[in-house]
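By convention here, the first residue in the shown sequence is residue 1. Note that the coordinates shown come from a computational prediction; the quantities given were computed from them, not determined experimentally. Side chains included, hydrogens not; waters and symmetry mates left out as well; all remaining heavy atoms used.
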Amino acid sequence: MSPRNFGRKLPKTSKIGLGLSQFSNTTNKKAHSYKSKSQTLNAIKYCIKSGINFFDTSPNYGETERILGELKQNEK
């Protein structure tokens with residue numbers, strides 16, 4: 001996937017991104033939309049392997065920002 005300029009001083013960004021709102025429910029196992037932390041990590045890792053480096057996050061998306069940050073720290 002060919003990256004695009006997102007701005008002059010920003011790193012190049014993939015044309016396609018992943019919205020993490022669908023992965024926001026990582027704690028309530030009884031909820032219909034429940035996704036485990038490992039499912040969320042696997043989806044993010046798959047996107048990274050596919051060349052996607054744009055992830056839409058928000059504090060309202062549950063633990064997704066923290067999970068993405070953990071993944072980044074584990075790569076160091």
Side-chain angles (χ1 to χ4, degrees):
M1 179 177 312
S2 60
R4 300 278 177 128
N5 287 331
F6 200 67
R8 284 189 202 165
K9 297 181 180 182
L10 297 173
K12 291 194 175 202
T13 306
S14 56
K15 291 182 193 178
I16 298 172
L18 176 67
L20 295 175
S21 65
Q22 298 302 310
F23 297 95
S24 64
N25 194 357
T26 58
T27 55
N28 184 0
K29 292 183 179 183
K30 293 183 180 182
H32 174 70
S33 62
Y34 172 73
K35 302 284 188 284
S36 70
K37 183 176 176 179
S38 65
Q39 286 174 309
T40 303
L41 278 170
N42 287 338
I44 293 170
K45 287 177 185 179
Y46 179 81
C47 288
I48 291 170
K49 286 180 185 176
S50 300
I52 295 171
N53 66 353
F54 179 76
F55 299 95
D56 177 27
T57 63
S58 168
N60 297 331
Y61 295 172
E63 297 291 310
T64 57
E65 286 184 331
R66 183 171 292 136
I67 292 170
L68 192 60
E70 286 176 18
L71 179 68
K72 181 76 174 166
Q73 284 200 335
N74 290 337
E75 290 178 353
K76 289 182 180 181

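Between Arg4 and Thr13 the shortest side-chain heavy-atom distance does not fall below 4.5 Å. Residues Leu71 and Ile48 are in side-chain contact: their nearest non-hydrogen atoms beyond the backbone lie under 4.5 Å apart.
Gln39 CD: more than 12 foreign heavy atoms inside a 6.0 Å radius. The local environment of OH in Tyr46 is sparse, with at most 12 non-hydrogen atoms from other residues, nucleotides or ligands closer than 6.0 Å.
The structure places CD1 of Ile44 at 7.0 Å from CZ of Phe23, a figure rounded to the nearest 0.5 Å. The structure places CG of Leu18 at 10.0 Å from CZ of Phe54, a figure rounded to the nearest 0.5 Å. Remark: Leu41 CG to Thr64 OG1 distance equals 11.0 Å, nearest 0.5 Å. Between the CD atom in Glu65 and the CD atom in Glu70 there is a gap of 12.5 Å [rounded to 0.5 Å]. To the nearest 0.5 angstrom, Glu63 atom CD is 16.0 Å from Lys35 atom NZ.
Of the possible polar contacts, none joining the Ser24 side chain to the Leu20 backbone as a donor-acceptor pair under 3.5 Å is found. For Ser14 (side chain) and Asn53 (main-chain N/O), a donor-acceptor pair under 3.5 Å exists by modelled atom type.
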